[in-house]
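Presented below is the structure to which this report refers.
Residue numbering restarts at 1 for every chain, and letters A, B, ... go by the order of the sequence lines. A quick note: this is a predicted structure, and the numbers were derived from the prediction, not measured.
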Amino acid sequence: MVTLPDGAKKELKAGDTAADLAKSISEGLYRNCVGALINDQIKDLHTPLHTGDKVKLLTAKDEESLELLRHSTAHVMAEAVQSVFPEARIAIGPTIKDGFYYDFEIPEHTLSIEDLEKIEAKMKEIARENQQIVRFDIPDVDKQLDEFRKDGEKFKAELLEEHRDHNPTLYLMKDKDGKVIWNDLCAGPHLPSTKHIKAFKLLKVSGSYWRGDENRENLQRIYATAWWSKQDLDDHLTRLEEAEKRDHRKLSKQLDLFSVHEEVGPGLIFWHPNLATVRDTIEENWRKEHRKRGYQFVYTPHVASEDLYKISGHLENYAENMYAPMDIDEHPYRCKPMNCPGHIMIYKTKLRSYRDLPLRYAELGTVYRYERSGVLHGMLRVRGFTQDDSHIFCTPEQLKGEIDGIIDLIDKLMTTFGYTYKCYLSTRPEKYLGTDEEWELATSGLEEAMKDRGIDYEIDEGGGVFYAPKIDVKLFDAIGREWQGPTIQVDLNLPRRFDVSYIGEDGEKHRAIMIHRAVLGSMERFVGGLIEHYAGAFPLWLAPTQVLVLPISDRHQEFASKVHQQLRDNEIRAHIDNRSETVNYRIREGQMQQIPYMVVIGDKEEAEGKVAIRHRRDGQVGTLSVDELLAKLKSEIDSKEQ
RNA sequence: GCCGACGUAGCUCAGCCGGUAGAGCAACGGUUUCGUAAACCGUAGGUCGGGGGUUCGAAUCCCCCUGUCGGCUCCA
């Protein structure tokens with residue numbers, strides 16, 4: 001007796017499988033069935049059922065079934081690779097978001113694009129052959145180990161050795177006569193056969209390490225994707241192309257946003273005027289929102305004596321991410337990797353009373369960190385960047401309220417940019433500093449602030465850093481991609497190291513709580529992400545050029561210049577294009593520069609004292625007097641319309 | 001850092017098996033004065049990322065350096 005999703009019960013014979021269940025319901029369902037969700041776990045279609053099981057049969061329509069498809073396609077890919085390159089040894093091949101990969105060791109050969117085509121062709125062949133994918137319990141682990149070793153499958157042997165006590169299974173690929181063609185050590189689950197595999201594409205090859213360990217074997221990884229239908233695959237490929245078009249590095253060239261220079265060094269960003277305008281506007285807004293919330297702005301030096309980082313512990317724990325020391329008057333100095341010690345210096349210039357707290361220091365603080373050369377990426381992963389950093393010093397009683405205030409600020413700023421977000425609470429990891437009581441106080445402060453606000457959050461158990469529990473916020477952009485967003489940490493380390501304290505109501509000295517938070521993160525990463533989020537079309541309030549004035553011919557120059565000046569007088573970022581190019585040409589350029597508004601001025605407009613408005617998305621939207629235009633622009637700017 | 005790919009004019013890219021560079025756009029000069037996404041004619045522009053080697057001869061082949069790009073966490 002098993003239960004179906006609609007609550008119906010179904011009587012089965014002993015030893016019946018999910019496939020038998022499907023068959024008993026309808027032949028069509030059986031044909032389309034690829035697996036089953038048994039007690040909420042994805043299983044093979046041929047898994048025996050037991051009394052009391054909750055069973056949901058999976059077909060291509062079910063979201064969960066994609067996992068089966070991709071995992072099985074990974075096996076087919078591995079089979080194909082070993083068919084094309086018999087000397088290839090297989091490592092692991094899990095599913096990932098939107099696809100899967102498989103790692104191989106192929107002696108004396110590096111995979112090329114042409115190889116991918118060959119492998120794809122072979123995969124199609126395997127799919128067409130309708131090979132059966134059969135689960136097989138390994139009866140004699142030692143014998144199987146010998147088998148793997150004999151075949152040179154050292155990775156599989158290593159894995160089997162580790163999993164020998166966990167009922168290891170093989171998956172066998174069988175041809176129509178039941179002959180085993182290929183096998184892979186795998187926990188499954190899988191599709192019943194390869195006939196369901198119709199729409200897949202191998203995307204790229206790259207390097208990896210066996211078990212992600214750089215001291216171990218170098219492997220070659222093939223990334224691929226698989227979908228139930230050609231249509232789904234095509235849609236996915238189109239989405240990838242879309243994302244590529246939004247690449248901030250690409251848009252930077254079109255829109256003249258930023259650059260990096262070999263002569264200067266990798267990971268160091270030059271902000272061109274256009275992007276500097278965007279940043280400046282963001283920072284202005286950032287300051288305004290901070291002032292409203294009682295923050296005080298500070299500035300701290302960009303280099304500091306190593307003495308400071310000895311106290312902070314950075315030298316001990318963070319040295320590999322820091323720029324090497326420089327010798328100043330025979331004393332080592334470092335570029336600052338974080339702003340916190342600097343803010344603590346300011347705090348400690350006086351004896352603080354509980355009446356002074358909370359103190360909220362904020363700084364757009366530029367830091368330098370050594371990142372391994374291979375991980376640098378446009379503006380998103382760099383070596384020098386400006387954090388919108390703040391450190392709040394408060395009493396334990398104030399903690400929750402401060403967290404609440406930060407969440408309010410986060411919500412305000414993220415909504416301003418049209419991001420949706422999700423919060424994660426990371427709790428104490430295995431290795432940690434501080435006492436259990438401190439962790440409890442800090443963690444519950446974070447959690448309760450979210451609870452009181454009614455914010456949806458997930459808990460990442462043990463995901464905190466060694467010195468702090470934290471709230472991480474993930475952002476979702478215009479095309480649903482995820483970005484690392486704001487973070488709040490309750491630091492249990494630095495207040496102790498620097499003896500950050502205050503005098504309480506009781507006249508005694510108490511350790512202050514120090515909250516570390518960044519909302520935008522780094523200006524580089526945030527603005528880089530924004531470029532992609534908006535696909536280069538910044539909303540009016542952020543746009544580098546807000547209005548482009550276009551006189552139709554030379555006789556309209558004078559009026560056009562007046563309009564231009566009037567806009568500028570009203571703090572609109574306006575430019576005029578009075579080159580002797582056709583109107584069409586200049587409009588095209590304005591469009592390609594993603595300028596929100598163009599105002600066209602010809603005989604008609606001059607006669608009426610008005611301007612013709614063109615919006616980059618809506619095209620011609622009528623004529624307005626300059627005053628009317630100013631009012632329209634101001635309201636759109638003030639509301640920060642997306 | 002490691003694996004792989006790539007680096008040709010400001011941009012996008014061509015240049016096969018070695019015979020010392022080419023297009024479009026942009027720029028510049030002129031003509032055109034135009035009504036909502038590319039007017040016409042002309043000119044100039046490159047030590048082919050840097051260094052070394054092979055060769056009579058290297059953008060092209062080999063080595064080193066540098067930068068960029070894709071990955072290196074998602075566990076049979």
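- With 3.5 Å as the limit, one finds a donor-acceptor pair spanning the side chains of A:Tyr467 and A:Gln489.
- Comparing the P positions of B:rG57 and B:rC41 gives an interatomic distance of 44 Å, to the nearest angstrom.
- For B:rU36, the base has no donor-acceptor partner in the side chain of A:Asn584 [N/O atoms by modelled type, under 3.5 angstrom].
- Here A:Phe155 lies out of heavy-atom contact (under 4.0 Å) with every strand.
- Atom-to-atom, CG of A:Asp98 to P of B:rG71 comes out at 13 Å; the value is rounded to the nearest Å.
- One atom, CD1 of A:Ile106, and another, P of B:rC3, lie 16 Å apart when rounded to the nearest Å.
- A close approach under 4.0 Å does not occur between any side-chain nitrogen or oxygen of A:Tyr223 and OP1 or OP2 of B:rG4.
- Close to B:rC34, at under 4.0 Å from its OP1 or OP2, lies a side-chain N or O of A:Arg555.
- Looking at heavy-atom distances under 4.0 Å, A:Val600 makes contact with a base.
- Nucleotide B:rG29 forms a Watson-Crick or G-U wobble pair with B:rC41, both donor-acceptor distances falling under 3.5 Å.
- Across all strands, A:Pro266 comes closer than 4.0 Å only to sugar-phosphate atoms, never to a base (heavy-atom distances).
- Note that OG of A:Ser259 is 11.0 Å distant from CG of A:Leu268, once rounded to the nearest 0.5 Å.
- Ring centroid separation for the pair A:His71 and A:Phe100 does not come in under the 6.0 Å cut-off.
- A donor N or O paired with an acceptor N or O is not found under 3.5 Å between the base of B:rG71 and the side-chain atoms of A:Tyr209.
- Whole-Å rounding puts the A:Tyr102 OH to B:rG71 C1' distance at 19 Å.
- Nucleic acid contact for A:His166: base, since at least one base atom lies under 4.0 Å from a heavy atom of the residue.
- Taking the six-membered ring for Trp and the full ring otherwise, A:Phe258 and A:His272 have centroids separated by 6.0 Å or more.
- Figure legend: A:Lys154 and A:Phe148 shown without cation-pi pairing, the cationic atom not lying both under 6.0 angstrom from the six-membered ring centre and within 45 degrees of its axis.
- Side-chain proximity of A:Val375 to the nucleotides B:rG1, B:rG67, B:rC11 is greatest for B:rG1.
- Spacing between B:rU54 and B:rA58 at atom C1', rounded to whole Å, works out to 10 Å.
- Set against B:rA27, B:rC75, B:rC34, the side chain of A:Ile92 has B:rC75 as its closest nucleotide.
- Taking the six-membered ring for Trp and the full ring otherwise, the centers of A:Phe200 and A:Trp227 sit at least 6.0 Å from each other.
- When heavy atoms are screened at a 4.0 angstrom cut-off, A:Gly212 is found touching the sugar-phosphate backbone but no base atom.
- Here A:His377 reaches the OP1 or OP2 of B:rG70: one of its side-chain N or O atoms lies under 4.0 Å away.
- Heavy atoms of other residues, nucleotides or ligands lying less than 6.0 angstrom from CD of A:Glu608 number more than 12.
- Counting only N and O atoms by type, the side chains of A:Tyr102 and A:Arg221 include no donor and acceptor under 3.5 Å apart.
- Distances were taken from every side-chain heavy atom of A:Ser206 (C-beta onward) to each of B:rG35, B:rG70, B:rU36; the shortest belongs to B:rG70.
- Nearest to the side chain of A:Arg614, among B:rC74, B:rU36, B:rC72, sits B:rU36.
- A sub-4.0 Å separation between OP1 or OP2 of B:rA39 and a side-chain N or O of A:Thr582 is present.
- Contact between the side-chain N/O atoms of A:Lys204 and the OP1/OP2 oxygens of B:rG71 is found at a separation under 4.0 Å.
- Within 4.0 Å (heavy atoms only), A:Arg616 reaches no atom of the nucleic acid at all.
- Of the listed nucleotides (B:rC69, B:rG35, B:rG7), B:rG7 has the atom at the smallest distance from the side chain of A:Glu262.
- Across all strands, A:Arg221 comes closer than 4.0 Å only to sugar-phosphate atoms, never to a base (heavy-atom distances).
- In terms of polar N and O atoms assigned as donor or acceptor, the side chain of A:Ser580 comes within less than 3.5 Å of the base of B:rU32 in a complementary pairing.
- Distance noted for atom C1' between B:rG42 and B:rG70: 44 Å (whole Å).
- Within 3.5 Å, a donor on the side chain of A:Glu605 pairs with an acceptor on the base of B:rG35, or the reverse.
- In this model, the phosphate group of B:rC75 is not approached by any side-chain N or O of A:Tyr101 to a distance below 4.0 Å at OP1 or OP2.
- Taking a 6.0 Å sphere around CD of A:Glu67, one finds it holds 12 or fewer heavy atoms contributed by other residues, nucleotides or ligands.
- With B:rG35, B:rA37, B:rU36 as the candidates, the nucleotide lying closest to the side chain of A:Asp603 is B:rG35.
- Using C1' as the reference atom, B:rC65 and B:rG19 are 29 Å apart when rounded to the nearest Å.
- Pair assignment for B:rG70 gives B:rC3, based on Watson-Crick or G-U wobble hydrogen-bonding distances that are each under 3.5 Å.
- Residue-level contact check: A:Glu158 touches neither bases nor backbone, having no heavy atom under 4.0 Å from any strand.
- Taking atom CD of A:Glu581 as the reference point, atom P of B:rG30 lies 13 Å away to the nearest angstrom.
- Spacing of C1' atoms, B:rC11 relative to B:rU20, comes out at 26 Å, to the nearest Å.
- Residue A:Gly378 is in sugar-phosphate contact alone, with no base atom involved, counting any heavy-atom pair closer than 4.0 Å across all strands shown.
- For the P atoms, the distance from B:rG1 to B:rC64 is 15 Å, rounded to whole Å.
- Residue A:Tyr585 places its side chain closer to B:rA27 than to any other of B:rU12, B:rA27, B:rG35.
- Among the heavy atoms of the strands, none lies under 4.0 Å from A:Val260.
- Within the shown strands, nothing qualifies as a pairing partner of B:rU54 under the Watson-Crick or G-U definition with both distances less than 3.5 Å.
- Note on A:Lys604: a base of the nucleic acid sits closer than 4.0 angstrom, heavy atoms only.
- Across all strands shown, B:rU12 is found opposite B:rA23 as a Watson-Crick or G-U wobble partner, with both distances under 3.5 Å.
- OP1 or OP2 of B:rC69 lies within a sub-4.0 Å distance of a side-chain N or O belonging to A:Arg249.
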